[in-house]
Amino acid sequence: MPSNEVNMKGPIQSVSRAAAILRCFFGVSELSLQEISQQVGLHKSTTSTLVATLKNEGFLEQDPQTSKYRLGMTAFLLGANASIDLSTIAQPFLLSLSGRFHETVNLAAPYGSDIIYLNKIDSAHSMRTCTQIGHCLPFYCTANGKSIFAYYPESALDAILDQLSFQQFTEHTISDKDRLRKELAEARRNGYAFDSEELEAGLCCYAAPIFDYTNYPTAAISVSGPCFRMEGSLRSEIIPALQRSAQQITDLLVQSHYISSRNAG
C-alpha cells in the first residue's frame, strides 16, 4: 500500500533554491532578476521560474516601474509571530524609498504634542536634514507630524491646540492655529502632508500616515531633501510611493496584531 508520507531524508532541491533566493534580500531592499540569478548561482530561466512562484505566493513582489523584486507581504506576515515592532516592519519600505529617491527617509511617531523619530536613512547627498533617531520636534513644523495629527479626533486635537505654543524655526514655520487647522484639514483630504522650509530653510518634506488596527494614526513615513530637488516630477513620484508604502505598513501592522492576538488566545 503506497504511503502518503513525504520522504524527509534529504532536502528538497526546489525548496532549498527558493530559500536561497529569499536569503538574497537580507539587508537589501530590491534586486533585479539578473542580480538574484548571479547571487544564487542558477541559470536565469530557472531563477525566473522560482521567482515567479515566490511572487505568486506573496513571498516576493515586483516594482511595476523598475521591474525589481522585494520581499512581499507573506514574508513579513510570517515574521509577525516574532513580535516585530513598527520600526522593523517599516525598515524594508524605508530602504526601498531611500534606494529609489536617494533622499533622506524618516519614520516618526507621535509623542504628546511632538513627534519622535524612530528610524532614519540619510541621503548620500552632502546636504542632509537635521533630524536624528530619538529626536523630538513639534508636530506642526514637520510633514510627519501634520500627516499624523491630521487624523486625530477633533476633541483630542482641540485639547492639544489649546495648550500649544508655537516656536518659529524659520520664517515659513506655521505660527497660528487657524492656518494649522487648514493645513491639517488639507492633509486629511489629500492623504499626505508636506512642509516647505518650515523646519529648516531650503528643505522640504512629504509624509504619509500609518494606522494601527483600530484605524488610529500611529506613525508616518517621509522623504525629505532640498526644495530644488523635491519639486516638479520628483514630487509626483514621491507622494504616491509614500502612500503605497504607508498603506502596506498599515496592512502589516493590522495583520501582525490579529496574528499575535490569535496566538495569545
Side-chain angles (χ1 to χ4, degrees), residues 85-91 93-94 97-98 103-123 128-225 227 230 238 242-243 245-246 249-250 253:
D85 62 14
L86 172 61
S87 186
T88 303
I89 289 175
Q91 179 72 4
F93 299 95
L94 302 181
L97 290 166
S98 173
E103 300 291 353
T104 298
V105 182
N106 293 294
L107 173 70
Y111 187 75
S113 61
D114 295 337
I115 58 165
I116 184 169
Y117 287 85
L118 304 178
N119 203 345
K120 177 184 181 182
I121 299 175
D122 275 313
S123 166
R128 303 178 181 179
T129 63
C130 70
T131 55
Q132 298 176 2
I133 295 175
H135 189 199
C136 289
L137 285 171
F139 84 89
Y140 55 84
C141 61
T142 69
N144 284 297
K146 286 188 281 187
S147 69
I148 294 170
F149 283 71
Y151 290 87
Y152 269 31
E154 189 171 348
S155 58
L157 184 60
D158 286 342
I160 291 170
L161 294 182
D162 285 344
Q163 302 297 320
L164 194 61
S165 296
F166 291 95
Q167 180 181 350
Q168 204 73 29
F169 291 90
T170 73
E171 62 178 321
H172 301 287
T173 306
I174 294 175
S175 58
D176 67 84
K177 295 177 184 178
D178 288 339
R179 179 187 163 193
L180 178 56
R181 285 187 182 277
K182 289 179 181 178
E183 289 212 10
L184 293 178
E186 183 180 0
R188 184 161 185 154
R189 284 194 303 270
N190 294 335
Y192 72 91
F194 69 93
D195 78 72
S196 181
E197 301 186 85
E198 294 166 44
L199 177 62
E200 293 182 75
L203 291 175
C204 295
C205 184
Y206 303 101
I210 297 167
F211 300 89
D212 64 15
Y213 74 100
T214 68
N215 203 35
Y216 198 84
T218 191
I221 53 172
S222 65
V223 176
S224 57
C227 293
M230 299 285 286
I238 288 175
L242 273 171
Q243 291 175 314
S245 295
I249 295 169
T250 295
L253 285 175

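Computed from a predicted structure; not experimentally measured.
With sequence neighbours excluded, no residue satisfies ring pair (Phe, Tyr, Trp, His ring centres under 6.0 Å) with Phe169. Annotation: salt bridge (charged side-chain N to carboxylate O under 4.0 Å, His left out) contacts of Glu183 (sequence neighbours excluded): Lys146, Arg179. Phe166 pairs by the ring pair (Phe, Tyr, Trp, His ring centres under 6.0 Å) definition with Tyr140, not counting sequence neighbours. A search for ring pair (Phe, Tyr, Trp, His ring centres under 6.0 Å) contacts involving Tyr117 returns nothing, not counting sequence neighbours. Applying the ring pair (Phe, Tyr, Trp, His ring centres under 6.0 Å) criterion to Phe194, with sequence neighbours excluded, gives no partner residue.
Across every non-hydrogen atom of Ser224 and Glu103, the tightest pair is O-CB, 3.4 Å. Of all non-hydrogen atoms in Ala143 and Ala193, the two that sit nearest each other are O-CB, 3.5 Å. Taking both residues in full, the closest heavy atoms of Met230 and Gly225 are given as CG-O, 3.5 Å, listed atom of the first, atom of the second, then distance. Between Leu253 and Thr218, the shortest heavy-atom distance links the atoms CD1-CG2, 4.1 Å. The heavy-atom pair separating Ser175 from Gln168 by the smallest distance is CB-OE1, 3.4 Å.
Residues Cys227 and Leu203 have side chains not in contact (no heavy-atom distance under 4.5 Å, counting atoms from C-beta outward). Proximity of Thr104 to Val223: side-chain heavy atoms (C-beta onward) are nowhere separated by under 4.5 Å. Residues Glu198 and Ile174 are in side-chain contact: their nearest non-hydrogen atoms beyond the backbone lie under 4.5 Å apart. The shortest distance between side-chain heavy atoms of Ser222 and Tyr206 does not fall below 4.5 Å. Put simply, the side chain of Phe149 reaches to within 4.5 Å of the side chain of Pro110, judged on heavy atoms. For the pair Leu118 and Leu86, the minimum side-chain heavy-atom distance is below 4.5 Å. With a 4.5 Å cut-off on side-chain heavy atoms, Leu94 and Asn119 count as touching.
Side-chain polar atoms of Thr142 and Asp195 form no donor-acceptor pair below 3.5 angstrom.
Side-chain N or O atoms of Ser245 include none that pairs as donor or acceptor with a backbone N or O of Leu242 at under 3.5 Å. With hydrogens and angles ignored, the 3.5 Å screen pairs no side-chain donor or acceptor of Ser196 with any backbone N or O of Cys204.
Here the CD1 atom belonging to Ile116 is positioned 10.0 Å from the CG atom belonging to Leu137, to the nearest 0.5 angstrom. Here the CD atom belonging to Glu154 is positioned 11.5 Å from the CG atom belonging to Leu184, to the nearest 0.5 angstrom. A distance of 12.0 Å separates CD in Gln243 from CD1 in Ile238, rounded to the nearest 0.5 Å. Taking OH of Tyr151 as the start and OH of Tyr216 as the end, the distance is 14.0 Å to the nearest 0.5 Å.
For an aromatic pair to be called close, the ring centres must be under 6.0 Å apart, and Tyr111 with Phe139 fails this.
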N/O donor to acceptor pairs below 3.5 angstrom from side-chain atoms of residues 155-163, sequence neighbours left out:
{"from": "Asp158", "atom 1": "OD1", "to": "Arg181", "atom 2": "NH1", "distance (Å)": "3.2"}
{"from": "Asp158", "atom 1": "OD1", "to": "Arg181", "atom 2": "NH2", "distance (Å)": "2.7"}

